[in-house]
J.: 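Here it is: the structure, laid out below.
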Amino acid sequence: MTDHFPQTTRPPMTLTIAGSEATGGAGAQADLKTFQELGSFGIIALTCIVSFDPKDSWNHRFVPVEPQVIAEQIEAVFGDYDADALDTVKLGMMGSPATISTVGQAIRERRPRHVVLDPVLICKGQEPGHALDTDNALKTELLPQATFVTPNHFETEQLSGMAVRSLEDLTAAAQEIHRISGAAVLAKGGVRLEGPEAVDVFVGEGGTEVLRAPKIGEHAVSGAGCSLAAAVAAKLSQGATPLEAARRAKEFVTAGIRQRVAGGTPFDALWQGGLRRSGASA
């Protein structure tokens, strides 16, 4: 008699190297929920732990993970899954030059096909000198390795060196980041630009496309940036083109903002189950 075992399956896989955000609205928690909703097996290596302080106007409390521990997490992940199985990595909040150096080295050694960078260029609760050093390290260590970059309004201005006040500005800045980095770019205008629509601009090898959706409120929602980059990564892991991934990520985040979650913080959180609740297929 022959024993029968379930056939081993290998779904698309996506690794996020990012920070924990305790309330679940952003960071690695948002990434993992996004991967799951969009059909990618989610894996995480934590870089830091962020917990808002309800006794201090919800300011950030930031605790870095030791670089050696970060390196060991990444070693374990790639020891378990080879490059053929795990070819997509999303980079989120780093928090320090030491972390960026560790992660940058790990990416150079493994050379995943897709590196989606959410370029977090400001970290509240840290002294300006440290924050500036972190920003500069990100630009020199991680941006050159990225294949897809998802800057918000502030980050678009910082990476391009250009002021962004209009859709035309956003388009020019996204094209400049693409020129500098060689990566596909999805620059987020969101609620920061005037008008009834939340506009983002994609720039890649296939050209430039403006992605539009009606604005849902006039305030930013926690987790939107993390989830957008994670959605791009999830779709790339499944074989989507960068433009296809950008379009689907825009739909995913728009649905999540529409189904946002309110709590005690002064900002709402995106819900990654928005598409499922609306009845749309992920």
Side-chain angles (χ1 to χ4, degrees), residues 14 34 38 87-92 112-121 135 138-140 142-216 218 220-221 224-258 270 275 280 282:
T14 312
T34 298
L38 292 178
D87 68 354
T88 305
V89 178
K90 183 251 178 180
L91 304 179
R113 180 182 178 190
H114 304 293
V115 179
V116 180
L117 174 63
D118 182 10
V120 182
L121 288 180
D135 290 356
L138 185 147
K139 293 174 186 177
T140 58
L142 299 184
L143 184 61
Q145 298 194 69
T147 63
F148 201 121
V149 188
T150 62
N152 64 21
H153 180 268
F154 171 80
E155 293 153 358
T156 296
E157 291 187 324
Q158 294 300 305
L159 292 178
S160 68
M162 303 167 66
V164 175
R165 301 291 181 268
S166 66
L167 175 58
E168 292 74 20
D169 293 342
L170 184 66
T171 301
Q175 291 170 340
E176 177 65 7
I177 296 170
H178 175 64
R179 185 192 69 79
I180 292 169
S181 66
V185 177
L186 183 56
K188 298 169 283 186
V191 299
R192 304 298 182 187
L193 300 182
E194 292 185 0
E197 293 181 312
V199 293
D200 304 328
V201 174
F202 171 85
V203 179
E205 291 184 0
T208 300
E209 181 169 318
V210 179
L211 307 182
R212 305 173 183 271
K215 283 183 179 177
I216 305 168
E218 293 293 332
V221 174
C226 304
S227 299
L228 185 81
V232 166
K235 300 314 290 184
L236 290 175
S237 77
Q238 298 164 24
T241 67
L243 178 55
E244 290 169 343
R247 289 170 177 166
R248 194 56 174 156
K250 176 75 168 179
E251 295 173 3
F252 180 85
V253 167
T254 299
I257 293 173
R258 188 174 294 115
L270 177 146
L275 277 178

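Keep in mind that what you see is a predicted model, and the values were worked out from it rather than measured. Below, all heavy atoms of this structure are taken into account, side chains as well, without hydrogens, waters or symmetry copies.
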J.: Tell me, please, which residues at least two apart from Gln145 pass side chain to side chain donor-acceptor pair (under 3.5 Å).
T.: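 For Gln145 there are no side chain to side chain donor-acceptor pair (under 3.5 Å) partners, ignoring immediate neighbours.
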J.: Do Thr88 and Pro112 come within less than 4.5 Å of each other through their side chains, counting heavy atoms only?
T.: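 The answer is no; the side chains never approach within 4.5 Å.
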J.: Going by side chain to side chain donor-acceptor pair (under 3.5 Å), name the residues that satisfy it together with Thr241, two or more places apart in sequence or in a different chain.
T.: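 Side chain to side chain donor-acceptor pair (under 3.5 Å) list for Thr241, sorted by chain: Glu244.
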J.: Show the nearest heavy-atom pair for residues Val120 and Gly92, with the distance to one decimal.
T.: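 In terms of heavy atoms, the two residues are closest at CG2-C, 4.2 Å.
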J.: Once salt bridge (Lys or Arg N to Asp or Glu O under 4.0 Å) is applied, do any residues pair with Arg179, and if so which ones, sequence neighbours excluded?
T.: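 Listed in chain order: Glu176.
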J.: Would you mind listing every salt bridge (charged side-chain N to carboxylate O under 4.0 Å, His left out) that reaches into residues 182-193, with sequence neighbours excluded?
T.: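 Qualifying pairs: none.
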J.: Can you name the side chain to side chain donor-acceptor pair (under 3.5 Å) partners of Ser237, sequence neighbours left out?
T.: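 So Ser237 forms a side chain to side chain donor-acceptor pair (under 3.5 Å) with Thr14, Ser40.
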J.: Let me confirm one number: the CG-CD1 distance from Leu143 to Ile180, rounded to the nearest 0.5 Å.
T.: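 Those atoms lie 7.5 Å apart.
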J.: Are any side-chain N or O atoms of His114 and backbone N or O atoms of Val89, one a donor and one an acceptor, separated by less than 3.5 Å?
T.: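 Checking the backbone N and O of Val89 against the side chain of His114, no donor-acceptor pair under 3.5 Å is found.
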J.: side-chain contact (heavy atoms from CB on, under 4.5 Å), that's the test. Do Phe148 and Val115 meet it? Break it down for me.
T.: CA-CA 6 Å; Phe148 201 121; Val115 179; over 6 Å; no
J.: With sequence neighbours excluded, tell me which residues meet salt bridge (Lys or Arg N to Asp or Glu O under 4.0 Å) with Arg113.
T.: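 Testing Arg113 for salt bridge (Lys or Arg N to Asp or Glu O under 4.0 Å), a comparison that skips the adjacent residues, returns none.
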J.: Between Glu157 and Phe154, is there a donor-acceptor pair closer than 3.5 Å when you use the side chain of the first and the backbone of the second?
T.: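 Pair absent, no side-chain N/O of Glu157 close to backbone of Phe154.
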J.: List the residues meeting side chain to side chain contact (heavy atoms under 4.5 Å, CB included) with Ala229, not counting sequence neighbours, and say none if there are none.
T.: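 Side chain to side chain contact (heavy atoms under 4.5 Å, CB included) check on Ala229 returns Lys90, Val116, Asp118, Thr150.
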J.: Going by side chain to side chain contact (heavy atoms under 4.5 Å, CB included), name the residues that satisfy it together with Ala187, two or more places apart in sequence or in a different chain.
T.: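 Per chain and number, Ala187 pairs via side chain to side chain contact (heavy atoms under 4.5 Å, CB included) with Pro151, Thr156, Leu170, Ala174, Val185.
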J.: Under the side chain to side chain donor-acceptor pair (under 3.5 Å) test, which residues partner Asp87, sequence neighbours left out?
T.: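 For Asp87 there are no side chain to side chain donor-acceptor pair (under 3.5 Å) partners, ignoring immediate neighbours.
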J.: Report all side-chain donor-acceptor pairs from residues 202-213 shorter than 3.5 Å, counting only partners two or more places apart or in another chain.
T.:
residue	atom	partner	partner atom	Å
Thr208	OG1	Gln175	NE2	3.2
Glu209	OE1	Arg247	NH2	2.8
Glu209	OE2	Arg247	NE	3.0
Glu209	OE2	Arg247	NH2	3.4
Arg212	NH1	Glu197	OE1	3.0

J.: Using the salt bridge (Lys or Arg N to Asp or Glu O under 4.0 Å) criterion, which residues pair with Lys250? Sequence neighbours excluded.
T.: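 Lys250 satisfies salt bridge (Lys or Arg N to Asp or Glu O under 4.0 Å) with Asp200 only.
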